[in-house]
Enquirer: 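For reference, the structure I am asking about is given below.
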Amino acid sequence: MHILITPDDDGGAHLSRLDDSGVAIGSPWKVSAEDLPQEVVSLEEEQPRWVWDTVHDFYPRLLAAGVRLARCHDISLIRTILRFSSLVQDPRYADMAARITGSADYPSADAGPVEQLQDSLFDAPRQARDHELTRQEFAAQLAAIAGSSSPVRLRLLVAAESAAGLVATEMQFLGVPWDQAAHRGLLEEVLGPEPPLGQRPRKMEALVAEMRELLRSPSLSPDSPQDLLRALHRNGIEVRTTRQWELQEFHHPVIAPLLEYKKLSRLYTANGWSWLDSWVRRGRFRSDYVVGGVVTGRWSSRGGGALQIPKSVRNAVRALPGYKLLVADASQVEPRILAAMSADQGMAAAARGQDLYAEIADAGFGGSRSSAKVALLGAMYGATTGESARLMPQLKKLYPAAIGLVEDAARRGERGESVSTWLGRTTPPPGAAWEAAQRTQTQEEQRRADSWARSRGRFTRNFIVQGTAAEWAECWLAGIRSRLHALGAAWPKALEGDTGAAGSSSWPVTGPAELVFFLHDEIMVHAPEGLIPDCVEAVESAARDAGRLLFGTAPVDFPLTVAVVDSYDQAK
DNA sequence: CACCCCCGCGCG
DNA sequence: AAAGCGCGCGGGGGTG
């Protein structure tokens with residue numbers, strides 16, 4: 001059973017029941033903004049799949065009203081996947097998706113078959129038409145999937161991606177528990193007291209004075225790469241850039257304070273007092289998570305640099321009293337994914353244990369784990385120089401199927417072709433740069449075309465691995481979510497309305513064990529101490545399930561590193 | 001003034 | 001110059 005829900009101008013919604021092909025069962029009905037949460041709760045008892053254009057339309061306010069939903073189909077997220085997927089063979093959905101994403105006046109423009117609805121059924125014809133057009137797109141998505149070369153894979157991807165939309169919204173709603181006082185203490189210790197507006201923190205100012213002295217540049221402005229570069233050159237330090245790793249190569253008294261300054265400056269500008277004031281409220285750091293925000297299918301984030309929380313401030317991420325943070329990290333996901341997708345027997349054998357790199361080192365790199373790791377990362381990223389490139393032939397001899405798979409993906413990219421992940425997410429078309437590269441005349445143009453092709457090859461090479469790893473991670477995440485949801489339902493209602501344990505009276509307790517963070521191959525659950533063993537079991541069984549869902553019986557393990565801690569810095 | 005690009009660095 | 005993949009963000013500096 002599907003229930004389609006679309007927005008109204010007055011904050012209410014239009015709802016309708018749809019069958020398994022997306023065909024309407026009966027007529028849509030209208031629900032006011034006020035009645036919506038209760039209506040949704042009672043419909044949820046039928047265990048429907050909620051169908052909406054985007055999770056943003058309704059889910060945030062449903063969460064605020066204390067409503068959680070089990071499953072959905074997120075038309076916008078699925079549009080992004082299906083419009084390019086090479087598994088979809090009928091071009092009609094891609095055309096529809098192009099119209100929707102490309103023209104601002106859709107859906108009112110291309111009404112077509114629904115014109116007859118105009119005069120009847122509703123007092124608000126335009127919204128009725130929007131509801132019907134949304135239904136039509138949903139039906140078109142189902143048809144595209146059913147007619148694809150692998151409905152099984154696409155259905156899994158659609159379920160995982162839609163569940164990801166729910167998790168992302170829930171994580172944004174909850175926020176990462178953040179101890180503001182601990183963060184301030186840490187800043188004060190490293191940078192000195194919070195400076196007045198327009199001034200540097202004391203410890204940074206002291207380093208600036210020291211550098212000006214050492215470089216005999218009284219007006220040096222270390223925040224300006226140009227200015228800094230000139231000052232370094234005047235003192236015989238012939239760096240080409242002011243990057244850390246390059247500065248490290250030089251021996252000069254100014255290097256140490258300069259590197260220290262850069263470190264402090266980073267903390268101050270990226271996660272200092274103003275960051276705290278902008279992004280942390282009532283003990284929670286909240287950010288927008290953008291599911292499918294990366295071409296490969298990874299998430300991106302908007303606001304506060306949520307996916308770049310530096311190690312140096314992770315001590316401020318703290319469980320509330322009586323709670324713990326469960327931090328689980330999937331080890332070496334990308335090489336394991338490569339082993340499974342390529343069905344490379346040798347690499348799969350190496351991927352059966354806890355440390356894949358060590359196994360590969362023993363198999364062909366004289367036991368050198370670091371060599372094995374550099375070689376494998378180079379193979380997945382497309383290294384062309386240095387140690388990594390030098391080790392490639394040996395790696396290819398050991399694992400011909402695995403290395404063949406990424407090399408084939410690279411060749412396809414170089415030719416301007418597309419590649420796909422295991423579940424069917426496909427690279428977007430190369431676009432104008434590729435067209436231009438086809439019409440080279442001068443040598444310079446040819447050189448740039450070659451450079452573009454190599455770059456595209458590195459992208460497609462990595463895309464299949466990074467993208468499939470993202471699919472595994474979303475399946476893992478969805479599995480954790482549904483297990484925690486079940487745990488929550490079984491948990492005594494004691495926590496309901498109880499804000500004492502949380503210590504922050506204004507925070508709604510919406511469930512006992514919460515997914516609060518996700519970072520590509522790592523998750524964080526915030527849960528009462530007593531529930532932690534169940535959460536660990538949930539996280540581990542979800543990882544096993546994710547491997548089976550994608551790769552069936554393929555003999556590749558996806559082991560986790562699990563830590564139960566009070567603050568994030570204690571993990572790993 | 002807004003806008004855009006580059007630089008550098010944080011994360012996986 | 002470019003440089004092994006994918007991101008977001010803040011600051012500098014130039015442009016209109």
Side-chain angles (χ1 to χ4, degrees), chain A residues 200 221-230 239-248 258-259 261-272 274-275 278-279 287-314 329-335 337-338 373-392 395 406-407 409-410 413 419 421 425 427 444 447-448 450-452 454-470 472-473 517-523 568 572:
Chain A
R200 289 191 182 89
S221 160
D223 300 318
S224 162
Q226 293 181 19
D227 193 33
L228 182 58
L229 202 58
R230 278 192 295 268
V239 284
R240 289 165 302 164
T241 72
T242 62
R243 289 200 266 270
Q244 271 176 34
W245 62 266
E246 198 180 336
L247 290 166
Q248 276 168 12
L258 176 52
L259 292 175
Y261 178 84
K262 280 175 167 282
K263 214 176 80 191
L264 300 193
S265 169
R266 173 73 193 181
L267 176 63
Y268 176 56
T269 57
N271 296 97
S274 65
W275 179 88
S278 309
W279 296 108
S287 168
D288 289 352
Y289 297 95
V290 187
V291 174
V294 179
V295 273
T296 57
R298 279 184 173 185
W299 294 15
S300 62
S301 68
R302 236 180 344 235
L307 304 188
Q308 311 144 252
I309 299 170
K311 297 244 189 331
S312 58
V313 303
R314 291 185 179 186
D329 177 311
S331 317
Q332 308 158 340
V333 176
E334 294 193 356
I337 289 289
L338 176 57
K373 182 174 177 177
V374 162
L376 199 42
L377 290 174
M380 292 186 297
Y381 289 159
T384 55
T385 59
E387 190 193 2
S388 180
R390 205 161 39 71
L391 295 168
M392 272 287 279
L395 195 65
V406 286
E407 299 215 309
V419 298
T421 60
R425 191 186 301 266
T427 49
E444 169 63 14
R447 198 192 58 74
R448 292 189 38 187
D450 291 346
S451 164
W452 182 90
R454 281 193 299 274
S455 162
R456 182 79 184 176
R458 290 191 299 274
F459 166 63
T460 52
R461 170 195 294 266
N462 187 250
F463 181 93
I464 59 169
V465 179
Q466 186 183 119
T468 304
W472 179 89
F517 193 57
F518 170 59
L519 183 55
H520 309 317
D521 57 4
E522 177 181 333
I523 59 93
Y568 190 15
K572 184 165 123 184

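We name chains A, B, ... by the order of the sequence lines, and we start the count at 1 in each one.
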Enquirer: For A/Ser451, report the nucleic acid contact type (base, sugar-phosphate, nothing); a contact means any heavy atom under 4.0 Å.
Expert: nothing
Enquirer: By side-chain contact (heavy atoms from CB on, under 4.5 Å), which residues pair with A/Asp227, not counting sequence neighbours?
Expert: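 Applying side-chain contact (heavy atoms from CB on, under 4.5 Å) to A/Asp227 gives A/Leu220, A/Ser221, A/Ser224, A/Arg230.
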Enquirer: Nearest 0.5 angstrom please: A/Asp223 CG to A/Thr242 OG1, how far?
Expert: 10.5 Å
Enquirer: Does A/Thr296 place a side-chain N or O at less than 4.0 Å from the phosphate oxygens OP1/OP2 of C/dG6?
Expert: no
Enquirer: Looking only at atom types and distance, does a side-chain atom of A/Thr460 sit under 3.5 Å from a main-chain N or O of A/Gly457, one as donor and one as acceptor?
Expert: yes
Enquirer: In whole Å, what separates the P atom of C/dA3 from that of B/dC4?
Expert: 26 Å
Enquirer: Is there, by distance only and without an angle test, a donor paired with an acceptor across the side chain of A/Arg266 and the base of C/dG10 below 3.5 Å?
Expert: no
Enquirer: Counting only Watson-Crick pairs (N1-N3 plus N6-O4 or O6-N4) and G-U wobbles (N1-O2, O6-N3), all under 3.5 Å, who is the partner of C/dG4?
Expert: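 Base partner found: none.
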Enquirer: Reckon A/Gly304 touches a base, only the sugar-phosphate, or nothing at all at heavy-atom distances under 4.0 Å?
Expert: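 Contact class for A/Gly304: sugar-phosphate only.
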Enquirer: Mind checking A/Ser221 for me? I need base, sugar-phosphate or nothing, with any heavy atom below 4.0 Å counting as a touch.
Expert: nothing
Enquirer: Name the nucleic acid region contacted by A/Arg458, choosing base, sugar-phosphate or nothing; use a 4.0 angstrom heavy-atom cut-off, strictly under.
Expert: sugar-phosphate
Enquirer: Which whole-number value in Å describes the distance from A/Asp223 CG to B/dC9 C1'?
Expert: 14 Å
